Amino acid sequence: MPTKKKKKKIKKSSTSKKQRRGLKNFDIGFIKNPYIEAAKVKDWDELEKFMSLHAAALGPAGVAYASVKFVMDNYNQMKICYECEDAVLDLIDATKKTKGGSVAIYNQYAAQGTGPLKNFILETQYACPRVVKTFQEHMTMFKDFTGLKRNKKKVPQFRDN
């Protein structure tokens, strides 16, 4: 009767030779972390020095385009929260007074095109989302910005003693 030979298991280390080769080049790209350096910029002269070091390919038009793109991508935070704080507080107050909260306000606007959300849109040029859940997330972000966001409830089994 033939006997079977046991195969030896070859353990591979988590750091193979291919992975170790890439680690040699890690420090070549940036001497200092550009995000930390960007946080230290305080005036236009420092910004000009920073851009010449870290983003030399961008000219003034490229910097302007990138900043406008950032503002438009984060429109709710950058424009609405900072420039129209009274309108945000009015909308939050309306959600507290309305039975059903932000879902009821959204459904009223979607069905009839009226209500506190319509007033908010007229004041701030807010783009109403297509989904209720997105509107709820925006409301949470508005509440967090104004400091009115509710704290999470602590479950008894996870409480710190």
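Numbers here are sequence positions counted from 1. Note: hydrogens, waters and symmetry copies are ignored here, and every other heavy atom, side chains too, is used. A quick note: this is a predicted structure, and the numbers were derived from the prediction, not measured.
Here the closest non-hydrogen pair linking Gly115 and Gln108 is CA-NE2, 3.9 Å. In terms of heavy-atom proximity, Ile121 sits nearest to Cys128 at CD1-CB, 3.8 Å. In terms of heavy atoms, Leu58 sits closest to Val63 at CB-CG2, 4.2 Å. Minimum interatomic distance between Glu85 and Phe145 (heavy atoms only, all atoms of both residues): CD-CE2, 4.4 Å. The shortest heavy-atom contact between Thr95 and Ser102 is CG2-CA, 4.1 Å.
Criterion: ILVMFWY side-chain heavy atoms under 4.5 Å apart, direct or through other members. Under it, Val71 and Leu47 are not part of a common hydrophobic cluster. Under the 4.5 Å side-chain heavy-atom criterion for grouping Ile, Leu, Val, Met, Phe, Trp and Tyr, Leu53 is not connected to Val41 through any hydrophobic cluster.
Rounding to the nearest 0.5 Å places CD1 of Ile105 at 7.5 Å from CG of Leu117. Residue Thr146 holds its OG1 atom at 3.5 Å from CD1 of Ile92, rounded to the nearest 0.5 Å. Atom-to-atom distance recorded for Lys143:NZ and Leu91:CG is 9.0 Å, nearest 0.5 angstrom. Put simply, OG1 on Thr134 and CE on Met139 are 13.5 Å apart, with the number rounded to the nearest 0.5 Å.
Taking 4.0 Å as the cut-off between side-chain N and carboxylate O, Lys49 and Glu46 do not count as a salt-bridged pair.
Between Phe142 and Phe120, the ring centre distance stays below 6.0 Å. Residues Tyr75 and Tyr126 keep their aromatic ring centres 6.0 Å or farther apart.
Considering only heavy atoms from C-beta on, Cys84 stays 4.5 Å or farther from Gln125 through its side chain. Between Asp90 and Asn119, every side-chain heavy-atom pair lies at or beyond the 4.5 Å cut-off.
Remark: the backbone N or O of Gln136 is not paired with any side-chain donor or acceptor of Tyr106 at under 3.5 angstrom. Side-chain N or O atoms of Asp144 include none that pairs as donor or acceptor with a backbone N or O of Thr140 at under 3.5 Å.
Each of Thr124, Ile80, Leu148, Asp93 was checked for a side chain to side chain contact (heavy atoms under 4.5 Å, CB included) with Val88, and the lone residue meeting it is Ile80.
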